[in-house]
Structure formats: C-alpha cells, structure tokens
Amino acid sequence: MSGIDRRIIKTKKAIRNAFAELLSEQELNSITVKDIADKADINRKTFYNYYNGVYQVIDEIENELIHVFESSIDDVDFQEAMRDPQPVFEKLTAIISSDIEFYGCLMKMNENVSLVSKISDLLKFKVREAFTKQIGVSDEKLDIIVNYSINGMISAYQMWFNSDRKYPLDKFSDDVGTIAFSGINGLVHSAK
C-alpha cells in the first residue's frame, strides 16, 4: 500500500511542479493538460487519473499552499517576533526548502498570476489578524505595516529565486526578517 501511495505522491508532485514551471513561462489560459503531461513526463490518461483539468490542479495547489502558510502563521507571537524575527523566518525557510523547485517556479511567475496574489492576500489577512489581536496600532498604520512587509517580502523572495542563489537561503531569510521587523537600519546595523 505504501508503494502505491509513494507513486501517487510522486506523480502528483511531478504534475504540480510541471504546472508551476509552465506558469512561470506562459499565461495560465494558454496552459493545456497536454502541456502539463508532457512537462511532467506522463501521459494525459495518467493526468486524468488525478485531476479533471488544469483548474483542479490550481485549486489543489492553492488549497495546499494556503494550508501550509496558514498553519505556519497561526502560532506566531508577533510581539515576540518583533524582538526576534528569526523563528518566523526559519519556518518560512523550512517551507521553501521542503520543495525548493516548486517554490522557485512559483516565485518566477508573473505578478498578475492569481496564485501569488492569493498567497499574498492570505499572508496579509493572517498578519493583520494576528497584529490586531496582539499589538495595538491604528488601522491606517496597520495597513502600511502589512502591505509594506508582505509585498516587500514576496518581492525579495522573487528576487532571490531569480538570482544565481549563491546567497544562502537561511541567511537571506534572516535578512528579510530583520528588514521586516527592524527596518533597513536593523539590517545595516546587524551587518556591522
């Protein structure tokens, strides 16, 4: 039974990665089941054993990513994170490292792709919710904090994934965390 489960997991991962790679190269509405099957090195019948079509792949990826990010953010103590952001970004690094090929493709997608927007919106919602519960700040300031932090963080990770990746991910994540919670001065002063 576990051999079958591993094959299913491997095939679905190949489909998911093929889809993410295609999405980083072309528009969503031009991606076909045949494109995904060819890129995943499977036949279309195998694809249809798992999915009804391209949009079911998207739905599964969205639901999975939302669950992963949601469960990672839910237990964050933002008051503690403001003093030491490293544990938050260690979690983020662990998520990315768990499937770096997939997240690499995801971060190379055009900014107008709804998947990246949905992840961004989820992160903004969760961070806003947590901040509201834990830290007293006006709605106007909270909007600035959330939008600046999440948009900046996503942009920074996109830059890293599109680079030669010589800068180690864990060090990069530490630096992004420092900027997110301590600003540019925090990063400049930590380098001294």
Side-chain angles (χ1 to χ4, degrees), residues 13 16-17 20-21 23-24 60-192:
K13 183 175 181 177
R16 184 180 83 156
N17 287 349
E21 190 174 337
L23 204 49
S24 72
E60 184 175 285
I61 290 171
E62 285 177 355
N63 291 336
E64 183 180 313
L65 289 174
I66 286 169
H67 174 73
V68 166
F69 284 105
E70 200 166 28
S71 61
S72 295
I73 292 172
D74 277 346
D75 62 347
V76 170
D77 179 341
F78 281 93
Q79 288 182 334
E80 180 60 33
M82 290 179 77
R83 287 188 286 279
D84 180 16
Q86 189 173 4
V88 174
F89 284 86
E90 283 174 0
K91 283 183 178 186
L92 188 57
T93 300
I95 291 169
I96 293 168
S97 296
S98 71
D99 197 348
I100 201 153
E101 179 185 331
F102 173 72
Y103 286 103
C105 290
L106 185 68
M107 288 296 158
K108 289 179 183 176
M109 291 179 193
N110 296 330
E111 289 181 28
N112 62 353
V113 174
S114 68
L115 185 56
V116 174
S117 296
K118 284 186 179 181
I119 293 168
S120 175
D121 290 346
L122 169 77
L123 290 171
K124 287 176 185 177
F125 174 77
K126 285 296 186 179
V127 168
R128 180 178 244 296
E129 185 179 61
F131 254 77
T132 301
K133 287 178 187 170
Q134 297 177 24
I135 299 169
V137 65
S138 71
D139 285 345
E140 294 80 15
K141 286 185 180 178
L142 187 55
D143 285 341
I144 293 169
I145 291 167
V146 170
N147 284 299
Y148 183 83
S149 299
I150 300 303
N151 291 338
M153 184 179 71
I154 288 173
S155 179
Y157 276 97
Q158 285 176 320
M159 179 206 71
W160 184 84
F161 275 108
N162 287 303
S163 73
D164 58 14
R165 300 187 198 170
K166 287 183 182 175
Y167 197 52
L169 178 59
D170 57 341
K171 178 71 176 123
F172 174 81
S173 292
D174 284 348
D175 288 348
V176 170
T178 300
I179 291 171
F181 287 94
S182 301
I184 295 168
N185 278 335
L187 185 62
V188 170
H189 292 309
S190 73
K192 292 181 180 179

For K13, the side-chain contact (heavy atoms from CB on, under 4.5 Å) test, sequence neighbours excluded, returns N17, D99
On a heavy-atom basis, the closest approach of A156 and F172 is O-CZ, 3.2 Å
One should read off an interatomic distance between L169 CG and D174 CG, to the nearest 0.5 angstrom, of 9.5 Å
Can you name the salt bridge (Lys or Arg N to Asp or Glu O under 4.0 Å) partners of D143, sequence neighbours left out?
R128
Quick one: side-chain contact (heavy atoms from CB on, under 4.5 Å) partners of I150, sequence neighbours excluded?
S120, L123, K124, V127, V146, M153, I154
Sequence neighbours excluded, which residues qualify as side-chain hydrogen bond (donor to acceptor under 3.5 Å, both in side chains) partners of Y167?
D175
If only atom types and distance count, is the side chain of S163 paired as donor or acceptor with the main-chain N or O of W160 below 3.5 Å?
yes
For E64, enumerate each residue passing the side-chain hydrogen bond (donor to acceptor under 3.5 Å, both in side chains) test, keeping only those at least two apart in sequence or located in another chain.
R16
S149 side-chain N/O to I145 backbone N/O, donor-acceptor pair under 3.5 Å:
yes
What pairs with K141 under side-chain contact (heavy atoms from CB on, under 4.5 Å), at least two apart in sequence or on another chain?
V137, S138
